[in-house]
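The structure appears right after this line, and notes come after that.
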Amino acid sequence: MAKVHPNAMSPPEPGTPGGATTGPARAAAEGDEPPTVLTVWRKSLLFNCDGFTVFDARGDLAFRVDCYAGSRRRRRRADDVVLMDARGKPLLTVRRKTRLGLAECCWVIYDGDADADKSATPLLSVRRHAAGRRLLGATSAGKTLARVATPGAEAAAAAPYVVEGSYGRRACAVRDAARGGAVVAEVQRKEAVGDDVFRLVVPGPRLGAQLAMALVIALDDMCRGSGAGACGWSARSLLRRTLC
């Protein structure tokens, strides 16, 4: 298998297939901060765990997600996934909430470990977009997958971000609906390493790498199925992968 971290291959330039909307060359020319380029591996480094391992552009561990499927805590809070830094400090919690049985789910992103800290702040909520409709502010010709809003804001017009493209094909973008659809994060396929390893490009500080990775966790659960735990498969996974 090819090297997982980004040192194995430089990110594509803007305008190339799979390239970020804002690339290192353009950022340097404009005097802006270069984008954050992460390599996401859909695998935990711990034995008998599901999760994610995320490397920065130097190949150093940036984030990790370890889902202990057999642990007592995991059974009690099967709908929580905690994004941690390289040392295991909780950064964000992605919590799946089900409404009307299994008919409708949303994913709420909290600051810190929401299970340990009951006062954790809800930052964003992610909800699957209804098929066949487009969101206000979604400017790309791509398919709208989800809307990202402040918890409690139900109107589509209130969603600050929309997700478009295909997460299953590792080609989707998070767009700022309030700023003309500017890309604030992008999932890109990483060549020759399969679907479980891909790039996450964050052009600037508008969304940030931590929240961008939390959105990836929510999208992964959304598209792989939400009936078998936040890091697992369900009987609906094939249908959900087709939709995503």
Side-chain angles (χ1 to χ4, degrees), residues 38 40-56 61-128 145-154 159-161 163 167 174 185 187 196 200 202 207-237 240 244:
L38 302 172
V40 181
W41 188 13
R42 199 182 182 281
K43 179 180 175 63
S44 170
L45 293 179
L46 300 182
F47 177 72
N48 199 28
C49 284
D50 294 320
F52 294 87
T53 303
V54 185
F55 300 96
D56 63 19
L61 184 63
F63 305 121
R64 51 185 282 200
V65 173
D66 302 314
C67 299
Y68 300 88
S71 70
R72 180 178 302 177
R73 176 181 177 182
R74 191 72 185 128
R75 290 194 299 268
R76 184 179 76 248
R77 182 66 74 181
D79 294 339
D80 278 13
V81 176
V82 178
L83 176 67
M84 300 176 288
D85 65 10
R87 296 184 178 181
K89 176 184 176 181
L91 300 173
L92 300 170
T93 298
V94 181
R95 175 173 295 173
R96 173 168 30 89
K97 294 185 176 182
T98 304
R99 300 177 60 184
L100 301 177
L102 294 177
E104 183 180 4
C105 292
C106 71
W107 291 258
V108 180
I109 301 172
Y110 294 87
D111 186 25
D113 187 344
D115 190 25
D117 182 6
K118 302 305 180 183
S119 63
T121 304
L123 302 174
L124 295 172
S125 67
V126 185
R127 192 178 302 277
R128 179 188 296 277
L145 296 179
R147 62 182 178 91
V148 184
T150 303
E154 297 297 332
Y161 306 109
V163 183
Y167 176 78
V174 183
V187 172
D196 283 342
L200 175 61
V202 186
L207 183 64
Q210 292 183 19
L211 280 175
M213 186 58 211
L215 291 181
V216 167
I217 295 171
L219 289 172
D220 192 86
D221 190 34
M222 180 186 300
C223 293
R224 286 183 178 256
S226 57
C231 291
W233 293 87
S234 76
R236 301 184 180 185
S237 61
R240 290 182 182 273
C244 291

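For clarity, every value in this text was computed on a predicted model and none was experimentally measured.
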How many angstroms lie between [atom1] in [X] and [atom2] in [Y], if you round to the nearest 0.5 Å?
X	Y	atom1	atom2	answer
Asp66	Leu46	CG	CG	4.0 Å
Asp113	Lys118	CG	NZ	8.5 Å
Leu123	Leu211	CG	CG	6.0 Å
Cys105	Arg127	SG	CZ	9.0 Å
Leu124	Leu207	CG	CG	7.0 Å
Phe55	Leu61	CZ	CG	6.0 Å

| task | Please examine the side chains of Phe52 and Asp220, heavy atoms only from C-beta on, and report whether any two atoms are closer than 4.5 Å. | result |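 Result yes, sub-4.5 Å side-chain heavy-atom pair found.
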| Sub-4.5 Å side-chain heavy-atom contact between Val148 and Leu215 |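 They are in side-chain contact.
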[X] to [Y] - nearest heavy-atom pair and separation:
X	Y	result
Ala212	Ala185	CB-CB, 3.9 Å
Leu92	Ala214	CD1-CB, 3.9 Å
Ala120	Ala114	CB-CA, 3.8 Å
Met222	Leu145	SD-O, 4.4 Å
Thr53	Lys43	OG1-O, 2.6 Å
Gly112	Thr93	O-OG1, 2.7 Å

| request: Test side-chain contact (heavy atoms from CB on, under 4.5 Å) on Arg64 and Leu45 and set out the steps. | output: CA-CA 8 Å; Arg64 51 185 282 200; Leu45 293 179; over 6 Å; no
| request: Check the pair Leu83, Ile217 against side-chain contact (heavy atoms from CB on, under 4.5 Å), reporting the backbone distance first and the verdict last. | output: CA-CA 9 Å; Leu83 176 67; Ile217 295 171; 4.3 Å; yes
